[in-house]
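Right, one structure below, let's go through it.
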Amino acid sequence: LLLRSTVLLSAGRVDEARTEIGAALQKDPNSGAAYALRSVIAVALNENETALADGRRAVELSPQSGAATIALSYALQANLQLAPARAALLELVELQPEDALAWARLAELHLMLGNLKEANAAAERAVALQPGLGRTQSVLGFTALAAIDTARAKAAFEQAVALDSDDPMPRLGLGLAKIRQGRLDEGRAGLEAAVALDSNNSLLRAYLGKAYFEEKRGPLDAIQFEVAKELDPLDPTAYFYNAIRLQTENQPVEALHELDAAIELMLDEINKHPY
């Protein structure tokens, strides 16, 4: 049942996957793996409190499971508890130092907290353990991109795309790397490819809108920002980039409204989860 739910998730059939997980829990109410999967689904659906409860239950039932700890880390991240999420991964890599996915996830959390040196070290460790995994190469690419090592980032993202052509995230990274190199048309094409793979991803839509804005391709930029806001009205990214667009189009009042909305969304999340 859990294997079937995983396959359904990979195909985007979330409701059916949830049904299978429910059936698995009926058969085994103490399945940490089932709670971990359910937590990941809740994160994707912005059901953050449910995700956190399921993630903690997964770790409680399976304290040695890398999957359970990684699921909990995503739930903690969704609740803006980045330091506890990183602490959980630090414990995991100490217990399971050969787990490449754990190192990759730790690199992501270091990156979110602004620890570039630690992020790069964790990403390199992940790649050393499992270089043939698209996920490890992709994380290495994002750490290199954050360090403004664009050539290294581009090489890692290209490797990640070759290893997993269905994953939109390395295509996003590759597109951003090319844009940073001044190859705007190629970078934008990469972002379009990422959106084609995951058209319901608000962040991808926002970055594509920004690329269209840089190319001065209105109203395509505005359309992408509006789609991004509809997909995830709690993500401030599209509001922020749209404010920049409106300001350049001499619409200061509308730009200020969008900027205020972006700030308000960020402050709302901080106030909900101050730690």
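Owing to the predicted nature of the structure, the values given are computational and were not obtained by experimental measurement.
- Cluster annotation: Leu184 and Ile244 are assigned to the same hydrophobic cluster (Ile/Leu/Val/Met/Phe/Trp/Tyr, side-chain heavy-atom contacts under 4.5 Å, transitive).
- The ring pair (Phe, Tyr, Trp, His ring centres under 6.0 Å) contacts involving residues 129-174 comprise Phe142-Phe157, where partners must be two or more places apart or lie in separate chains.
- Side-chain contact between Arg205 and Lys210 is absent, with no heavy-atom pair separated by less than 4.5 Å.
- Each salt bridge (charged side-chain N to carboxylate O under 4.0 Å, His left out) pair with one or both residues in residues 66-75, not counting sequence neighbours, would appear here, but there are none.
- With hydrogens and angles disregarded, no donor-acceptor distance shorter than 3.5 Å links the side chain of Ser62 to the backbone of Ser65.
- You'll find the side chain of Leu111 stays beyond 4.5 Å of the side chain of Asn115, heavy atoms only.
- Surrounding CD of Glu186 are more than 12 heavy atoms belonging to other residues, nucleotides or ligands, all under 6.0 Å away.
- Contact check for Leu133 versus Val127: no side-chain heavy atoms found under the 4.5 Å cut-off.
- By the 4.5 Å side-chain criterion applied to Ile, Leu, Val, Met, Phe, Trp and Tyr, Val59 is assigned to a cluster that also includes Leu52, Leu72, Leu76.
- In this structure, CD on Gln137 lies 5.0 Å from CD on Gln159, to the nearest 0.5 angstrom.
- To the nearest 0.5 Å, atom OG1 of residue Thr69 and atom CG of residue Leu101 are 12.5 Å apart.
- In this structure, the side-chain hydrogen bond (donor to acceptor under 3.5 Å, both in side chains) partners of Tyr212, at least two apart in sequence or on a different chain, are Glu192.
- Residues Asn46 and Asp232 are in side-chain contact: their nearest non-hydrogen atoms beyond the backbone lie under 4.5 Å apart.
- Taking CG of Leu203 as the reference point, atom CG of Leu172 lies at 6.5 Å (rounded to 0.5 Å).
- Among residue pairs with one or both ends in residues 44-88, none qualify as ring pair (Phe, Tyr, Trp, His ring centres under 6.0 Å); sequence neighbours excluded.
- Side-chain contact between Asp99 and Leu129: absent, with no pair of heavy atoms (C-beta onward) separated by less than 4.5 Å.
- Under the 4.5 Å side-chain criterion, counting only non-hydrogen atoms from C-beta, Leu197 is not in contact with Asp167.
- The hydrophobic cluster containing Ile223, built from Ile/Leu/Val/Met/Phe/Trp/Tyr side-chain heavy atoms closer than 4.5 Å, also comprises Val227, Leu231.
- Counting only N and O atoms by type, the side chains of Arg105 and Gln77 include a donor and acceptor under 3.5 Å apart.
- Sorted by first and then second residue, the pairs that involve residues 112-125 and meet salt bridge (charged side-chain N to carboxylate O under 4.0 Å, His left out), not counting sequence neighbours, are Glu98-Arg125, Glu124-Arg152.
- How far CD1 of Ile21 is from CG of Leu37: 4.5 Å, rounded to the nearest 0.5 Å.
- You'll find the side chain of Ser73 reaches within 4.5 Å of the side chain of Leu109, heavy atoms only.
- Legend: residues meeting side-chain hydrogen bond (donor to acceptor under 3.5 Å, both in side chains) with Asp221, ordered by chain and number and at least two apart, are absent.
- Remark: Ala24 pairs with Leu1, Leu2 by the side-chain contact (heavy atoms from CB on, under 4.5 Å) rule, at least two apart or across chains.
- When every heavy atom of Pro236 is checked against every heavy atom of Met266, the shortest pair comes out as CG-CG, 3.6 Å.
- The ring pair (Phe, Tyr, Trp, His ring centres under 6.0 Å) pairs that include a residue from residues 80-138 number zero, where partners must be two or more places apart or lie in different chains.
- Rounding to the nearest 0.5 Å places CG of Leu204 at 9.5 Å from OG of Ser199.
- Under the 4.5 Å side-chain heavy-atom criterion for Ile, Leu, Val, Met, Phe, Trp and Tyr, Val7 and Val14 are members of distinct hydrophobic clusters.
- Inter-residue side-chain proximity for Tyr239 and Phe225 is flagged as unmet; no heavy-atom pair is nearer than 4.5 Å.
- Residues Tyr207 and Leu246 do not share a hydrophobic cluster, clusters being chains of Ile/Leu/Val/Met/Phe/Trp/Tyr side chains in contact below 4.5 Å.
- Residues satisfying the side-chain hydrogen bond (donor to acceptor under 3.5 Å, both in side chains) test with Glu258, not counting sequence neighbours, are Lys229, Asn242.
- Contacts of Glu60 classified as side-chain hydrogen bond (donor to acceptor under 3.5 Å, both in side chains), with partners at least two apart in sequence or in another chain: Arg57.
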Could you go step by step and tell me if Lys154 and Glu158 meet the side chain to side chain contact (heavy atoms under 4.5 Å, CB included) rule? CA-CA 6 Å; Lys154 179 174 173 290; Glu158 287 175 339; 2.7 Å; yes
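- Proximity of a side-chain donor or acceptor of Asp149 to a complementary backbone N or O of Leu145 within less than 3.5 Å is not detected.
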Show, in sequence, the C-alpha distance, side-chain angles and deciding distance for Arg171 and Ser165, and conclude whether the side chain to side chain contact (heavy atoms under 4.5 Å, CB included) test is met. CA-CA 9 Å; Arg171 293 184 184 275; Ser165 60; 3.8 Å; yes
